[in-house]
2 protein chains.
Amino acid sequence: MTEKDKQTEEKIFEAATTIFLEKGMDGARMQEIADRAGINKSLLHYYYRSKDRLFNAVFEAIVRLLFQKFAPVLDEKLTLEEKTRFFLREHISFLQQNPRLASFVLNEINRNPAIVKKFIEKLDFNTLWDTLETQHQDEFLKYNITRESIPQLITSILALSVFPFAARALIASIFETNEFSFDDYIEQRKEYAADFVVNAIKNK
Amino acid sequence: MTEKDKQTEEKIFEAATTIFLEKGMDGARMQEIADRAGINKSLLHYYYRSKDRLFNAVFEAIVRLLFQKFAPVLDEKLTLEEKTRFFLREHISFLQQNPRLASFVLNEINRNPAIVKKFIEKLDFNTLWDTLETQHQDEFLKYNITRESIPQLITSILALSVFPFAARALIASIFETNEFSFDDYIEQRKEYAADFVVNAIKNK
DNA sequence: GTCTATAGAAGGATAGAC
DNA sequence: GTCTATCCTTCTATAGAC
């Protein structure tokens, strides 16, 4: 692969990422992607064969990014509270920098479940939960967290982080008419969400 | 409007609701809606003029339903804890019965912010928050809930309810490989989420 | 590798008969 | 009010010149 290839392929990939994030698979147009990449429509097919394959390449990269960015949290030797605070701060900051990501991923996984399985099957969640149970045995006992309730806890933490971005247009619109700022709300949220979870757990 | 009109218009509207919920505005096809309604494509235009207007009619009905179903919660003379438990039980049950609703609404409001404003502008959130503050003055004081933090609290409650459905395909997919059931998870969640919020608040 | 031109299909919308 | 036929546009994808 020559240097020129790489440049063009990269330009296409970046343009596609932008457009797909903004419009979704169904709403995105190959012409728009080509325009943004500053090349001809035919070149998209030359490099990626079809819209489907181009989309899959983009989606795969995004999912890979998500997992590799937050998997390390589990390796950290932190208390449950520290881990929660660390994760929520990092996760909310990450979505803050990529505002369309949450809505995009949530939408596409529901429209095309097959694409999800491809990634899920690579991961071993039983092992992941074992790790959590081992790392935080004492705290789980103390706070009465059972293996059954781990999914409830994890999805709750994710919910507090992801939902504001998924519902961003709605929340921002409400704030606008009430002299609130969405940005301030998100800044506050990093600590609020962490306190919320920690208090919810500790008070069991 | 004759009886026959109403029947056809209703059939179209129901078919459109189903298809739009499933495919979204961009993914939906007029032909598919016509097929499902058991009528010809031209009739869609006869009754609704365009895809846009048909979509708006469907979307408006859904948003109206959401508000009219949950606005009464605020009128109830319940404690903050009772209100939280009541709302979460009802809201999760509602989404349980309409599994595609959460994902659909979240996606469309981000794609078409104009449609959101149309509804938001009708509502007076300042008054709504005043009502909450008045109704629960003692509890707000006791639990240290300020006017500033009301949006954080409300979005947190909504997050715990909505997120599992918005991320349904992902969560269900993970559960599948681990002998968990999404339905059981949702049933549990009605109480788990309520406990979570109540504990988070009380422990401040 | 990149472009122009165009095929081929599908989608939304309308005209006009009944 | 409902249908058939069709227009016009748009979109993905390919052929072929350079």
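Letters A, B, ... mirror the listed sequences (proteins, then strands); counts begin at 1.
Remark: P of dG12(C) and OH of Tyr48(B) are 16 Å apart, rounded to the nearest angstrom. As a whole-Å value, the separation of Leu43(B) CG from dC3(D) P is 5 Å.
Judged as a side chain to side chain donor-acceptor pair (under 3.5 Å), and not counting sequence neighbours, the contacts of Glu82(A) are Thr79(A). Qualifying salt bridge (Lys or Arg N to Asp or Glu O under 4.0 Å) partners for Glu176(A), counting only residues two or more places apart in sequence or in other chains: Lys117(B). Under the side chain to side chain donor-acceptor pair (under 3.5 Å) criterion, Asp52(B) pairs with no residue at all, not counting sequence neighbours. Not counting sequence neighbours, the partners of Phe94(A) by the side chain to side chain contact (heavy atoms under 4.5 Å, CB included) test are Leu65(A), Leu66(A), Lys69(A), Phe70(A), Asn98(A), Leu101(A).
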Please output the side-chain donor-acceptor pairs of residues 16-26 of chain A that fall under 3.5 Å, not counting sequence neighbours, one pair per line with the distance.
| residue | atom | partner | partner atom | Å |
| --- | --- | --- | --- | --- |
| Thr17(A) | OG1 | Phe13(A) | O | 2.8 |
| Thr18(A) | OG1 | Glu14(A) | O | 3.0 |
| Lys23(A) | NZ | Glu32(A) | OE1 | 3.0 |
| Lys23(A) | NZ | Glu32(A) | OE2 | 2.9 |

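Among residues at least two apart or in separate chains, salt bridge (Lys or Arg N to Asp or Glu O under 4.0 Å) pairs with a member in residues 55-64 of chain B are Glu60(B)-Arg64(B), Glu60(B)-Lys118(B). Each ring pair (Phe, Tyr, Trp, His ring centres under 6.0 Å) pair with one or both residues in residues 150-181 of chain A, not counting sequence neighbours, appears once here: Phe175(A)-Phe180(A), Phe175(A)-Tyr185(A), Phe180(A)-Trp129(B).
One end of the helix from dG1(C)-dC18(D) to dC18(C)-dG1(D) points its axis 10° away from the other end's axis, with each axis taken from 5 pairs and the angle rounded to 10°.
A salt bridge links Arg147(A) to Asp130(A): one of the charged nitrogens lies within less than 4.0 Å of a carboxylate oxygen.
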For nucleotides 5-18 of chain D, give me one character per nucleotide, 5' to 3': B if any protein heavy atom sits under 4.0 Å from the base, S if the only such contacts are to the sugar-phosphate, - if neither.
B-----SBBBB---
